[in-house]
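Computed from a predicted model, the values in this text were never measured in an experiment. Counting from 1, the numbers follow the sequence of the chain as shown. In what follows, every heavy atom counts, from backbone to side chain, and hydrogens, waters and symmetry copies are set aside.
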Amino acid sequence: MTTIRRLYFYVVAFAALMVTAFGVVTLLSALLDLPFHSITVVGDPTTQIALALAMLIIGGPVWLLHWFFAERSAARNADDRRAALRHLFLNLVLATALLNLIPSFHRSLDWLLGTRLTYDPVIPHIAMLLAWSVVWGYHWWTLRREGPEATRRTLHRWYLYGATAYGLGLLVLGAHGFLTAVLQQIYDALFARVLTTSPFWTDALRGSLAFIVVGALCWAFHWLYAARGDTASVLRQVYLYLVAVLGGLAAVLIVAGILIYRVLQYILDPAAFTPSSHFSFLPQVLPVGFIGLLVGLYHWFTLQREAAGAEAGGRTVRRAYRYLTTAFGLGALSGGLGVLLALLIGLVTGPASLTARWWRDPLSLAFALLLVGGPLWAYEWFRAEAEARGGDPDERRALPRRLLVYGALTLAILGLLGNLVYVLFRLLEALLQSRLSLGLFFDMRGNIAVVLVAAAVLAYYGLVLRSDLRHGAETARRRKTVLLWVGPEHQELLPRLRAALSGGRVQVAEGLTDAPPVVDIGQVEEALAHLPDLPGERALVVVSSGHVQIYPYR
């Protein structure tokens, strides 16, 4: 089957399937609602049944016909079975079904738990739950019976880890709502003056429990069952580092910053606050930090356990994580230094009319930012510097590092340009008008602080850039186009080989018969490490009989 023919069959099959599925949902909803029609008053059921039958009569045969021919072609032809369009169709249907299935499941469970005290039209959600469960289950079974092809794994991983992140988000949302509701009741009972008592098992708890159940099922199925053992995946590393660990770390650091800020506010001026009202934010904030800590630690320990099996492409993800956290720490550190410098300038130049405790909030904010951003930046940045100075040729030219360095320089220069022009303008204006005073410096304390911090960042990362350039950070590595001869069963080598070539193009020539046994992937990667030193822009890599043979050519 040609690509255009496949595109026709799967596009029409997808559109017809959507029409058929919504037709089933509409028909089920109308039939289930018949006994309650006098109560719900949702319209004439005959109209819904007529619309549903129209969608089923038209969409059903169209879907069945096109899907029958696509399935027959896939059963007869291995190329059709491995085609990217086929697996794109299957995973797109799974994603669409899941996005309809999960909200309807949550709404049905929410209603079952009795969250809504008045009647709510839950029947359409029950109909969606039934219909989309069948659609999802059938296409999941269809996908799982296919052979382990590289195209299927790559496309399926996008669905798999997207669904995992979706389930984790719902689980976190539900856990936060549940813990917040519990802590709020405890806090009110201990510190707040509550005139009336409310029942413990509130609608907020029931609604949050529904989110927990739905999110936990979605996350656990995709992560603990479907993705188990899939350690050699860059997308898995992206989910672990950039979604779970980084998200958990950000939550913990933000909560830590808020706690430090509010505690310092109270310590510096306890007479200005009532403890019960000043710390009333705790029931909403503490669950964020606690959940973020649990999520981050679980996925961090998962990363450590799977480190040996992670493929080389995961190194780029780890670098991205490191420099993202470095940028987060640098931003908080710079902000803290700026607030602190502005405060010091204000203390020296401030007028006598200022309130006695005007410095309390800036000082609290400065220490909160410094205590959160300083250790984070120092830990991540100096680890990266140690690797760069340790002789790793790829660390200095790594894209995440260069983005951080050039980004810091860009923001520093922009901060200097705007604020330095303003400071100089105000000084020259005051000199020409003979109005130079300490009050002028008090008014410009924020701009002066930005200039000082930006100058420090510019000076430091300017030296870092100079050192990186001296060690070849901008020297492009010679990238080759590699033609790899393997059998169809060895397509899983492709991501590892592309990572070993540091971005070089890898083309795969599939043998018509089974390929000879492939050597250990480590030996293949070691052989490919010498490719940049070989002449020519292309190379033929033949893996057979336990050996790796490389033939460079033009």
Without swapping roles, check the side chain of [X] against the backbone of [Y] for a donor-acceptor pair under 3.5 Å.
X      : Y      : value
Ser233 : Arg236 : yes
Arg389 : Ala386 : no
Ser104 : Leu101 : yes
Ser29  : Val25  : no
His125 : Phe105 : no
Asp110 : His106 : no
His278 : Thr274 : no
Thr326 : Arg322 : yes
Asn100 : Thr96  : yes

How many angstroms lie between atom [atom1] of [X] and atom [atom2] of [Y], to the nearest 0.5 angstrom?
X      : Y      : atom1 : atom2 : answer
Leu463 : Asp468 : CG    : CG    : 11.0 Å
Gln304 : Thr302 : CD    : OG1   : 9.5 Å
Leu330 : Leu337 : CG    : CG    : 9.5 Å
Trp300 : Leu249 : CH2   : CG    : 9.5 Å
Leu209 : Leu109 : CG    : CG    : 7.0 Å
Leu282 : Ser276 : CG    : OG    : 11.5 Å

Close side-chain approach of [X] to [Y], heavy-atom, < 4.5 Å:
X      : Y      : answer
Leu92  : Phe89  : no
Leu259 : Leu286 : yes
Leu171 : Phe211 : no
Ser467 : Arg396 : yes
Leu242 : Arg318 : no
Tyr166 : Tyr161 : no
Leu365 : Asp361 : no
Val348 : Leu344 : no

Side-chain donor-acceptor pairs under 3.5 Å in residues 442-453, sequence neighbours left out?
{"unit_1": "Arg445", "atom_1": "NH1", "unit_2": "Phe442", "atom_2": "O", "d": "2.8"}
{"unit_1": "Asn447", "atom_1": "ND2", "unit_2": "Asn419", "atom_2": "OD1", "d": "2.9"}

Residue pair [X] / [Y]: nearest heavy atoms and the distance that separates them:
X      : Y      : value
Val339 : Pro362 : CG1-O, 3.2 Å
Leu376 : Val372 : CB-O, 3.6 Å
Asp269 : Phe273 : O-CD1, 3.4 Å
Thr325 : Leu246 : CG2-CD1, 3.4 Å
Arg107 : Val122 : O-CG2, 4.0 Å
Ala384 : Glu395 : O-CG, 4.0 Å

Any pair counted as ring pair (Phe, Tyr, Trp, His ring centres under 6.0 Å), so long as it reaches residues 318-341, sequence neighbours left out = Tyr241-Tyr321

Residues in side chain to side chain donor-acceptor pair (under 3.5 Å) contact with Ser280, at least two apart in sequence or another chain | none

In terms of heavy-atom contacts, does [atom1] of [X] have more than 12 from other residues, nucleotides or ligands at under 6.0 Å?
X      : atom1 : result
Trp158 : CH2   : no
Phe281 : CZ    : yes
Tyr461 : OH    : yes

Side-chain H-bond candidate by donor/acceptor type, Gln184 with Asp188, under 3.5 Å | yes

How far apart are the C-alpha atoms of Leu190 and Ile186, what are their side-chain angles, what is the distance that settles it, and do they pass the side chain to side chain contact (heavy atoms under 4.5 Å, CB included) test?
-> CA-CA 6 Å; Leu190 293 176; Ile186 295 175; 3.9 Å; yes

Using the side chain to side chain contact (heavy atoms under 4.5 Å, CB included) rule, take Asn91 and Leu143 through it: C-alpha gap first, then chi angles, then the decisive distance, then the call.
-> CA-CA 8 Å; Asn91 285 285; Leu143 193 60; 3.6 Å; yes

Please list all pairs passing the side-chain hydrogen bond (donor to acceptor under 3.5 Å, both in side chains) test where one or both residues lie in residues 337-347, with sequence neighbours left out.
-> none

Evaluation steps, side chain to side chain contact (heavy atoms under 4.5 Å, CB included), between Gln237 and Leu303 | CA-CA 8 Å; Gln237 300 290 307; Leu303 278 168; 3.8 Å; yes

Looking at Tyr187, Tyr261, Tyr266, which one forms a ring pair (Phe, Tyr, Trp, His ring centres under 6.0 Å) with Phe279?
-> Tyr266

Show me, pair by pair, the donor-acceptor contacts under 3.5 angstrom made by side chains of residues 212-223, not counting sequence neighbours?
{"unit_1": "Trp219", "atom_1": "NE1", "unit_2": "Tyr239", "atom_2": "OH", "d": "3.1"}
{"unit_1": "His222", "atom_1": "ND1", "unit_2": "Cys218", "atom_2": "O", "d": "2.8"}
{"unit_1": "His222", "atom_1": "NE2", "unit_2": "Tyr159", "atom_2": "OH", "d": "2.8"}
{"unit_1": "Trp223", "atom_1": "NE1", "unit_2": "Tyr298", "atom_2": "OH", "d": "3.1"}

Basic-acidic side-chain contact under 4.0 Å: Arg401, Glu385 = yes

Considering only distance and modelled atom types, tabulate donor-acceptor pairs under 3.5 Å from the side chains of residues 172-183, sequence neighbours left out.
{"unit_1": "His176", "atom_1": "NE2", "unit_2": "Thr180", "atom_2": "OG1", "d": "3.4"}
{"unit_1": "His176", "atom_1": "NE2", "unit_2": "Gln284", "atom_2": "O", "d": "3.1"}
{"unit_1": "Thr180", "atom_1": "OG1", "unit_2": "His176", "atom_2": "O", "d": "2.7"}
{"unit_1": "Thr180", "atom_1": "OG1", "unit_2": "Pro283", "atom_2": "O", "d": "3.4"}

Relative to each other, are the rings of His156 and Trp140 parallel, tilted or perpendicular (30° and 60° limits)?
-> tilted

Go through Leu404 and Arg319 one step at a time and tell me if the side chain to side chain contact (heavy atoms under 4.5 Å, CB included) criterion holds.
-> CA-CA 11 Å; Leu404 172 72; Arg319 280 198 181 114; over 6 Å; no

